[in-house]
Each structure stands twice: as structure tokens, then as C-alpha cells.
> 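This is the structure I want to talk about, given as C-alpha cells.
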Amino acid sequence: MPHSVSPVGIVRSCFKEKFAIPRQPHLAPAARGVLELLPPFDSGDAVQGLEEVSHVWLLFLFHQALEDKPRLKVRPPRLGGNRSLGVFATRSTHRPNGIGQSVVKLDKVEANRLWLSGIDLLDGTPVLDIKPYVPYVDRQDGATNRIAEAAPEPIPVEWVEGALVLAREHALRLDEPLVELIEQCLAQDPRPAYQQPEPGRRYGARLWDLDVRWHYPRPGLIRVLEISPSD
Ligand code: SAM
């Protein structure tokens, strides 16, 4: 039974491109954004009571990964891209109907917008529904998942002095925890697990209105090289 859905809001996020977004929420608590509600949900009525809730489930569209033909098998990057699994055994972005779900922290409720942190959502992500996290139901004490048993071990992140000075200045300008955001995202090691980084190879991602560049001076260590305004 085909059924059409339409967004209740759009996320304005610190993540302006897919690369370097953490693979799940909460891995970067400093990742913040605002969910701007669309009419008729922006009058205040639809969010009444939500100020009593610390976290929400967001159901959203992977709008930059939509595909016409559903995949049955996927190769999650976190597993090195060499293990093929049934799509329903993964949290891959490539999935039937393109629907994602994340539990995120709700920092502030306004009539027409929700302030969020710990997000793993690209800027412009359409949100299809918002539901309160209910701890006594949603937390499953005995739950196991042998494919994804624990959060990946974070890798150390160091800075070139000039880049750190600039990051602190931009943090003040943006009024955002930018240094923490960069460190938390890069500590997840955004590069696909199968890529062996050469020390000379530079990687980059866009966070807020900034381009962040880094390299791997040796395996298992990231050094932030440069922060510059995005074009
Ligand atoms: N927590 C969600 C879930 O389990 O459904 C998302 C998990 S998915 C593995 C997380 C990745 O989705 C991020 O690293 C980012 O690259 C990607 N992503 C986030 N928002 C997206 C969007 N709107 N369109 C396409 N990809 C997106």
C-alpha cells in the first residue's frame, strides 16, 4: 500500500556534508542543530509538553541517499566495507524508503523550533516525525548486537597550534563548542576503514561555515592542520 509522507520540519545542522558526520547520534555530543518546524506544526500546539522531555526520537529521510531500486545487501563502512549484510541487519543509509532514526538530546523547545545536540544529521534533513524518548520503554537492559557490540575506540586528535587558535576564535564567533565538535567527530575516524591513509594525504570536511583539514601523521593519530572559511 503506497502512502505518501511529508516532512514536519527541516534540520539546520553543523554538518554541511556527509563526510565526517558521526555514524550514530551521541558520538559527538557537541554536534548541534535546530529542527525548524513547518506549518501547521510551527504554532506551538504540536510541541506542547515536550519541554518535559530530555531526548526525542527523530524519524527522518536520508534525503541525500535516496535510491530507486532497493538494496537487499549492504557493506557497512564501519565494518571495513568487506562484510556484506542484509540491509535490515544494519543502520545503513541505503535502505527501502530511505528512513533514518536517531535519539537526540533536546536542549530547548520553542514554538517553531527544537534545539538539538548529539545529532548525526546532515544540514537540510527532512524530519518525518518526532517522538519523546521514554526511558522505561526504550532502554532495553538485556539488549545485545554481536555485529555492533561497542562504540568504536576513539583515536587521538592533536592540533597544529595555529589551527587551534583559529578554532577557538571561530567558536566564540559562532557561539558553538567548535573545538569539541571537531575533536569528537575526528576521533571517530571518518575515513572508510579500508583506506590506508598516507601521511601526505589531506582530508577535509565542512562544519558550520568552516572547512576543516586534517591528516594522519601515523596510523591511529589525527592532526588538525587548518581551519578556513568555506567558499
Ligand atoms: N542514526 C541513524 C539511523 O540509525 O538510522 C543514522 C545512521 S547512518 C549510518 C549515519 C550517517 O548518515 C551519517 O554518518 C551521515 O553520513 C549520513 N546522513 C545523515 N543525514 C543524512 C541525510 N539527510 N542524507 C543522507 N545521509 C545522511
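It should be emphasised that the depicted structure is a prediction, and the values quoted were computed from it without experimental measurement. In each ligand, atom 1 is the first atom listed, and ligand 1 is the first ligand listed.
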> Do the side chains of Arg95 and Glu67 get close enough for a salt bridge, i.e. N-O under 4.0 angstrom?
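Salt bridge flag = no for Glu67 with Arg95.
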
> With a 3.5 Å distance limit and no angle check, can you tell me whether Lys16 reaches the backbone of Ser13 through a side-chain donor-acceptor pair?
yes

> Would you say the side chains of Trp57 and Gln101 form a donor-acceptor pair under 3.5 Å?
no

> Would you check the N or O atoms of Gly100, main chain and side chain alike, for any that come under 3.5 Å of an N or O of ligand 1?
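No.
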
> Please report which non-hydrogen protein atom sits nearest to atom 9 (C) of ligand 1, along with the residue it belongs to and the distance in Å to one decimal place.
Arg91 O, 3.2 Å

> Determine yes or no for a side-chain-to-main-chain donor-acceptor pair under 3.5 angstrom, with His215 supplying the side chain and Pro199 the backbone.
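Looks like yes, one N/O pair under 3.5 Å.
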
> Going by distance only, is there an N or O of Asp120 that falls short of 3.5 Å from an N or O of ligand 1?
yes

> For Asp209 and Arg173, run side chain to side chain contact (heavy atoms under 4.5 Å, CB included): C-alpha distance rounded to whole Å, both residues' side-chain angles, the deciding distance at 0.1 Å, then the answer.
CA-CA 11 Å; Asp209 56 357; Arg173 175 182 62 83; 2.9 Å; yes

> Heavy-atom contacts with His63 under 4.0 Å: which atoms of ligand 1 show up? List them by number with element.
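Under 4.0 Å from His63, ligand 1 has these atoms: 22 (C), 23 (N), 24 (N).
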
> A quick test of your reading: do over 12 heavy atoms of other residues, nucleotides or ligands sit less than 6.0 Å from CD of Gln48?
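Counting neighbours around CD of Gln48, 12 or fewer heavy atoms of other residues, nucleotides or ligands fall under 6.0 Å, so no.
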
> Taking 4.0 angstrom as the limit and counting only heavy atoms of Thr125, give me the atoms of ligand 1 inside it, by number and element.
20 (N), 22 (C), 23 (N)

> Would you tell me whether Glu226 and Trp214 have side-chain atoms, one donor and one acceptor, within less than 3.5 Å of each other?
no

> Give a yes or no on this: more than 12 heavy atoms of other residues, nucleotides or ligands lie within 6.0 Å of atom CD of Glu51.
yes

> Side chain, backbone, both or neither: which applies to Leu61 and ligand 1 if a contact is any heavy-atom pair less than 4.0 Å apart?
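It is the backbone that gets close, since no side chain atom is under 4.0 Å.
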
> Please confirm whether the backbone N or O of Pro190 pairs with a side-chain atom of Arg23, one donor and one acceptor, at under 3.5 Å?
yes

> Atom 27 (C) of ligand 1: which protein heavy atom is closest, and how many Å away?
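It is Phe62 CD2, 3.7 Å.
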
> For atom CG of Asp175, is the number of surrounding heavy atoms from other residues, nucleotides or ligands below 6.0 Å larger than 12?
no

> Taking only heavy atoms of Pro22, which atoms of ligand 1 are found under 4.0 Å from at least one of them?
13 (C), 14 (O)

> Within less than 4.0 angstrom of ligand 1, does Ser92 place any heavy atom?
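No; Ser92 lies far enough from ligand 1 that no heavy-atom distance drops under 4.0 Å.
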
> Flag Phe60 as yes when one of its N or O atoms lies below 3.5 Å from any N or O atom of ligand 1, and as no otherwise.
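It does not: no N or O of Phe60 is found under 3.5 Å from an N or O of ligand 1.
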
> For atom 2 (C) of ligand 1, what is the closest protein heavy atom, and at what distance to 0.1 Å?
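For atom 2 (C) of ligand 1, the nearest protein heavy atom is Gln101 O, 3.1 Å.
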
> Can you see whether Tyr216 has Arg191 sitting over its ring - NZ or CZ less than 6.0 Å from the centre and within 45° of the normal?
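Geometry flag: set, cation within 6.0 Å and 45°.
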
> Considering the heavy atoms of Pro25, write down every atom of ligand 1 situated less than 4.0 Å from one of them.
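With Pro25 as reference, the close atoms of ligand 1 come out as 1 (N).
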
> For atom 21 (C) of ligand 1, what is the closest protein heavy atom, and at what distance to 0.1 Å?
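Nearest protein contact, heavy atoms only, for atom 21 (C) of ligand 1 is Leu122 CB, 3.7 Å.
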
> In the protein, what heavy atom is nearest to atom 10 (C) of ligand 1, and what distance, to one decimal place, separates them?
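Ranked first by proximity to atom 10 (C) of ligand 1 is Arg23 O, 3.5 Å.
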
> Pairs of nitrogen or oxygen atoms closer than 3.5 Å, one from Leu121 and one from ligand 1: do any exist?
no

> Considering the heavy atoms of Gln64, write down every atom of ligand 1 situated less than 4.0 Å from one of them.
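Those of ligand 1 that fall under 4.0 Å from Gln64 are 24 (N), 25 (C).
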
> Nearest protein heavy-atom contact for atom 16 (O) of ligand 1: which residue, which atom, what distance?
Lys18 O, 3.3 Å

> Specify the protein heavy atom at minimum distance from atom 17 (C) of ligand 1: its residue, its atom name, and the distance to 0.1 Å.
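Among all protein heavy atoms, the one nearest atom 17 (C) of ligand 1 is Thr93 CG2, 3.8 Å.
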
